[in-house]
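Below is one structure, written out as structure tokens; comments come after it.
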Amino acid sequence: MTNSMRQSYLFTKTKKEAPSDEVSKNAEFLIRGGFVHKEMAGVYSYLPLGLRVLKKIENIIREEMNKVGGQEVLMSSFQPKDNWEKTGRWESMNDLYKVSDSSGREVALGPTHEEIVVPILKNYVTSYKDFPVSLYQIQNKFRMELRTKSGMLRGREFIMKDMYSFHTSEDDFHNFYNTMKETYKTIFKRVGIGHLTYMTFASGGTFSKFSHEFQTITPAGEDTIYVDEASSVSVNKEVLDDEVLSNLKLKKEELVEKRAIEVGNIFDLKIKYSEPFDLSFTDEKGKKHTVLMGCYGIGLSRLMGAVVEALADDRGIIWPESIAPFKVHLLALGDGEAVLKEANGIYENLSKSGIEVLFDDRVGISAGEKFADADLLGMPYRVVVSERSLKENGVEVKKRIKEKGEIISVDELLKILVP
Ligand code: ATP
Ligand code: MG
């Protein structure tokens, strides 16, 4: 029963308006629905409904990271200045938050964790036998983003999964990198936006030819990508030139321009971060080499916002079943005793069958308001108990993505809902 909830008990309430400075659709719906609370530009707290979504995304990602052998860690947010000076990023990274205490000691507030993960690993791995290794974490990141007009898509404090992999050969790295491409496709599919998400060739920085971004199509996106719809190959505008087109065997006139948001990326880091910390291993012959690295990010909070942007309609959110806070929004309409009794019974019944139900048992709330809330909150199934449904000996069930519902028996309802 613990995974279901009565709406009368939920401390958050839906709101008619979002803060006036919030212009993005994702933040508007998420704030009005009581999923998140805005603290300041680019900073949000997660409330019960939002946290349920976040945890579901987190679990999907964690499962997939564990499948490829990732070991979960949780690294510190405070990061020693020395480490950042070693890589040169104390000066060069312009969105780095630098915090100092009253003694004048300065630390970085982690925007990413290469400067932490490499020294950690150096403590434990020395021989080729210790490799490969991949570590990941799911954690809050801090970046001094200048523009934060996109709600959850661009936070100053946001939640990221970052994985770092360590290898002794190019071959081993490439195998892992290719596995991660498939893992990322699986993750975005499981989260419900696979059909809108393209693996996209993007800038590899100064040290690699390309990186791969996972770009989800939405007008709210900040990137422009060019998609070859026949092959699903996609290229970020930032790197699109004649050489890239010919390398990838693409024809400019066959590409379609789309707006998209980067929900994840994978990067070949080579020795960029292992070298400054002298992270190395000895091979079979006792010869020393620098470790090869890759990194793999997904913005969980951005992903949550991207799902809202990409799938919502003008009435509210449409959650995919895999990450919806509840599978069913059960509405009792009117305050008649028979309706409440029947709805209560269905609530217990569904919950006992392992279905997550949000039960709108609130009294004195009009049918119109309950329907509007159900549309805003976006659970995949709306189940209504009313005088009318009682008369027809059933309940009205409607999918959030459909316009019309139908009256069916409770037995039939269970058949639809229980997998
Ligand atoms: P962007 O180009 O959008 O600024 P980035 O290249 O800086 O992204 P990374 O440093 O590679 O991003 O971070 C990994 C992932 O973290 C990104 O793919 C994205 O999903 C997420 N992310 C990055 N910056 C933010 C942010 N400010 N708010 C929310 N999520 C973010
Ligand atoms: Mg950035």
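Ligands are counted one by one from 1 in listed order, and the atoms in each one are counted from 1 as well.
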Distance-only donor-acceptor pairs under 3.5 Å for side chains of residues 246-254, two or more places apart:
unit_1, atom_1, unit_2, atom_2, d
S246, OG, E243, O, 3.4

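Rounded to the nearest 0.5 angstrom, F359 CZ and S4 OG are separated by 11.0 Å. Interatomic distance, CG of L377 versus CG of L358, reported as 7.0 Å (0.5 Å rounding).
Near ligand 1, R143, E145, L153, R154, G155, F158, M160, E262, V263, G264, N265, G299, R302 each place a heavy atom less than 4.0 angstrom from the ligand.
Between K398 and E403, no side-chain nitrogen of the basic residue sits less than 4.0 Å from a carboxylate oxygen of the acidic one, so the salt-bridge criterion is not met.
Note on ring orientation: taking the six-membered ring where Trp is involved, the planes of F173 and Y177 are tilted (angle from 30° to 60°).
No side-chain N or O of E72 forms a donor-acceptor pair with one of N66 less than 3.5 Å apart.
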